[in-house]
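These notes are about the structure you will find just below.
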Amino acid sequence: QVQLVESGGGSVQPGGSLTLSCKVFNYNSSNFYCMGWSRQAPGKGREVIASVHSDGGIAHVDAVLGRFFISQDNTKNTLYLQMNNLKPSDTAEYYCAAETPSQRVGVCHPAKYNVWGQGTQVTVSS
(Lines give C-alpha, C1' and ligand atoms only; values in the text may rest on other atoms or scores of the structure.)
Protein backbone atom coordinates (compact mmCIF):
# COMPACT_ATOMS: atom_id res chain seq x y z
CA GLN A 1 0.00 0.00 0.00
CA VAL A 2 0.97 3.66 -0.21
CA GLN A 3 3.51 4.69 2.41
CA LEU A 4 4.84 8.08 3.42
CA VAL A 5 8.11 8.06 5.34
CA GLU A 6 9.40 11.27 6.94
CA SER A 7 12.99 12.01 7.87
CA GLY A 8 15.15 14.98 8.79
CA GLY A 9 13.81 15.88 12.21
CA GLY A 10 16.05 16.60 15.16
CA SER A 11 17.07 19.13 17.77
CA VAL A 12 18.16 22.61 16.81
CA GLN A 13 18.74 25.94 18.53
CA PRO A 14 16.43 28.91 17.96
CA GLY A 15 17.25 30.58 14.67
CA GLY A 16 18.49 27.34 13.16
CA SER A 17 17.30 25.46 10.09
CA LEU A 18 16.16 21.97 9.23
CA THR A 19 14.87 20.30 6.09
CA LEU A 20 12.28 17.57 6.41
CA SER A 21 11.80 14.98 3.69
CA CYS A 22 8.81 12.75 2.95
CA LYS A 23 9.53 9.82 0.65
CA VAL A 24 6.55 8.22 -1.08
CA PHE A 25 6.56 4.44 -1.57
CA ASN A 26 4.32 2.29 -3.78
CA TYR A 27 2.73 5.30 -5.49
CA ASN A 28 3.64 8.04 -7.93
CA SER A 29 3.68 11.26 -5.90
CA SER A 30 2.69 13.33 -8.95
CA ASN A 31 -0.70 11.56 -8.88
CA PHE A 32 -1.67 12.87 -5.44
CA TYR A 33 -4.30 15.61 -5.54
CA CYS A 34 -2.60 17.43 -2.67
CA MET A 35 0.35 16.87 -0.38
CA GLY A 36 1.10 18.70 2.82
CA TRP A 37 2.93 18.97 6.09
CA SER A 38 1.19 19.07 9.41
CA ARG A 39 2.44 19.29 12.98
CA GLN A 40 1.25 18.51 16.46
CA ALA A 41 2.76 20.28 19.43
CA PRO A 42 2.54 18.74 22.92
CA GLY A 43 -0.97 19.12 24.28
CA LYS A 44 -2.33 20.60 21.06
CA GLY A 45 -4.23 19.40 18.05
CA ARG A 46 -2.72 18.57 14.68
CA GLU A 47 -2.63 21.43 12.17
CA VAL A 48 -1.70 21.47 8.52
CA ILE A 49 0.92 24.17 8.00
CA ALA A 50 1.80 23.88 4.31
CA SER A 51 0.33 22.28 1.22
CA VAL A 52 1.03 21.82 -2.47
CA HIS A 53 -1.74 21.22 -5.00
CA SER A 54 -1.39 19.04 -8.09
CA ASP A 55 -1.79 22.22 -10.16
CA GLY A 56 1.36 23.62 -8.52
CA GLY A 57 -0.36 25.94 -6.06
CA ILE A 58 1.37 26.31 -2.73
CA ALA A 59 0.06 27.58 0.60
CA HIS A 60 1.55 28.16 4.05
CA VAL A 61 -0.22 29.18 7.24
CA ASP A 62 0.62 32.58 8.72
CA ALA A 63 2.62 31.09 11.61
CA VAL A 64 5.29 29.76 9.22
CA LEU A 65 4.91 32.12 6.26
CA GLY A 66 8.26 33.44 5.14
CA ARG A 67 10.17 30.94 7.30
CA PHE A 68 9.03 27.53 6.00
CA PHE A 69 8.90 26.47 2.35
CA ILE A 70 7.17 23.40 0.97
CA SER A 71 8.41 21.85 -2.25
CA GLN A 72 7.92 18.65 -4.19
CA ASP A 73 10.33 16.72 -6.42
CA ASN A 74 8.32 14.14 -8.30
CA THR A 75 11.42 12.74 -9.98
CA LYS A 76 12.46 11.62 -6.49
CA ASN A 77 8.92 10.90 -5.28
CA THR A 78 9.67 13.20 -2.34
CA LEU A 79 8.05 16.12 -0.55
CA TYR A 80 10.21 18.60 1.39
CA LEU A 81 9.78 21.22 4.06
CA GLN A 82 12.62 23.72 4.39
CA MET A 83 12.38 25.32 7.84
CA ASN A 84 14.37 28.45 8.62
CA ASN A 85 14.60 30.75 11.63
CA LEU A 86 13.13 28.07 13.85
CA LYS A 87 11.46 29.11 17.10
CA PRO A 88 10.74 27.16 20.29
CA SER A 89 7.05 27.36 19.32
CA ASP A 90 7.87 25.22 16.24
CA THR A 91 8.63 22.27 18.52
CA ALA A 92 6.27 19.49 17.43
CA GLU A 93 5.89 16.15 15.74
CA TYR A 94 5.80 16.80 12.01
CA TYR A 95 3.73 14.62 9.67
CA CYS A 96 3.59 14.29 5.92
CA ALA A 97 0.11 13.88 4.42
CA ALA A 98 -1.41 13.24 1.02
CA GLU A 99 -4.80 13.15 -0.64
CA THR A 100 -5.39 10.50 -3.28
CA PRO A 101 -7.33 11.65 -6.36
CA SER A 102 -11.12 11.60 -6.36
CA GLN A 103 -14.01 13.36 -8.08
CA ARG A 104 -13.69 16.52 -6.04
CA VAL A 105 -12.16 19.76 -7.27
CA GLY A 106 -10.96 22.72 -5.24
CA VAL A 107 -8.17 23.82 -2.96
CA CYS A 108 -6.27 21.56 -0.61
CA HIS A 109 -8.16 20.96 2.62
CA PRO A 110 -6.87 19.46 5.88
CA ALA A 111 -9.88 17.18 6.22
CA LYS A 112 -9.25 15.56 2.83
CA TYR A 113 -5.85 14.06 3.54
CA ASN A 114 -6.21 10.29 3.66
CA VAL A 115 -2.62 9.06 3.73
CA TRP A 116 -0.29 9.93 6.61
CA GLY A 117 3.30 9.31 7.57
CA GLN A 118 4.49 8.20 10.96
CA GLY A 119 5.97 11.56 11.93
CA THR A 120 9.36 13.02 12.76
CA GLN A 121 10.15 15.05 15.87
CA VAL A 122 11.47 18.60 15.69
CA THR A 123 12.70 20.21 18.92
CA VAL A 124 13.81 23.84 19.07
CA SER A 125 15.49 24.89 22.28
CA SER A 126 18.59 26.58 23.58
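Using a 4.5 Å cut-off on side-chain heavy atoms (C-beta onward), Glu6 and Lys23 make no contact. Residues Met35 and Gln72 are in side-chain contact: their nearest non-hydrogen atoms beyond the backbone lie under 4.5 Å apart. Two residues are said to be in side-chain contact when any heavy atoms from C-beta on lie closer than 4.5 Å; Lys87 and Pro14 fail this criterion. Looking only at side-chain heavy atoms (C-beta outward), Cys34 and Tyr113 come within less than 4.5 Å of each other. Looking at Phe32 and His53, their side chains never come closer than 4.5 Å, going by heavy atoms from C-beta outward. Proximity of Val52 to Trp37: side-chain heavy atoms (C-beta onward) are nowhere separated by under 4.5 Å. Looking at heavy atoms from C-beta onward, Ile49 lies out of side-chain contact with His60 at the 4.5 angstrom threshold. Looking only at side-chain heavy atoms (C-beta outward), Thr78 and Tyr80 come within less than 4.5 Å of each other.
By the 6.0 Å contact criterion, NZ on Lys112 is open, its count of non-hydrogen atoms from other residues, nucleotides or ligands being 12 or less.
Here the closest non-hydrogen pair linking Asn85 and Arg67 is O-NH1, 3.0 Å. Here the shortest heavy-atom pairing between Ser17 and Val12 reads N-CG2, 4.0 Å. When all heavy atoms of Thr91 and Ala41 are compared, the closest pair comes out as O-CB, 3.6 Å. When every heavy atom of Phe69 is checked against every heavy atom of Asn84, the shortest pair comes out as CE1-ND2, 3.7 Å.
In this structure, Leu79 CG and Ser21 OG are separated by 8.5 Å, a value rounded to the nearest 0.5 Å. Summarising the geometry, atom CD1 belonging to Ile58 is positioned 7.5 Å from atom OG belonging to Ser71; distances are rounded to the nearest 0.5 Å. Note that CD of Gln118 is 9.0 Å distant from SG of Cys96, once rounded to the nearest 0.5 Å. Between the CD1 atom in Ile70 and the SG atom in Cys22 there is a gap of 9.5 Å [rounded to 0.5 Å].
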Could you go step by step and tell me if Val5 and Phe25 meet the side-chain contact (heavy atoms from CB on, under 4.5 Å) rule?
CA-CA 8 Å; Val5 179; Phe25 293 91; 3.7 Å; yes
Please report the C-alpha distance between Trp116 and Gln3 in whole Å, then the side-chain angles of each, then the deciding distance to 0.1 Å, and finally whether the side-chain contact (heavy atoms from CB on, under 4.5 Å) criterion is met.
CA-CA 8 Å; Trp116 292 86; Gln3 281 189 300; over 6 Å; no
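Ion pairing between Glu99 and Arg104 holds under the 4.0 Å rule for side-chain N and carboxylate O. Salt bridge Glu47/Arg39: present, at least one basic N to carboxylate O contact under 4.0 Å.
Side-chain N/O atoms of Gln13 and Ser126 include no donor and acceptor closer than 3.5 Å.
Phe68 and Tyr94 have tilted rings, their planes meeting at an angle from 30° to 60° on a 0 to 90° scale.
Tracing side-chain contacts under 4.5 Å through hydrophobic residues (I, L, V, M, F, W, Y), one never reaches Tyr95 starting from Val2; they form parts of separate clusters. Both Val64 and Leu20 sit in one connected hydrophobic cluster of ILVMFWY residues. Membership requires side-chain heavy atoms under 4.5 Å apart, directly or through other members. Residues Val48 and Leu81 do not share a hydrophobic cluster, defined by chaining ILVMFWY side chains whose heavy atoms lie under 4.5 Å apart.
No donor-acceptor pair under 3.5 Å is formed between the side chain of Asp90 and the backbone N or O of Val124. Remark: side-chain polar atoms of Asn77 are not paired, donor with acceptor, to backbone N or O of Asn28 under 3.5 angstrom.
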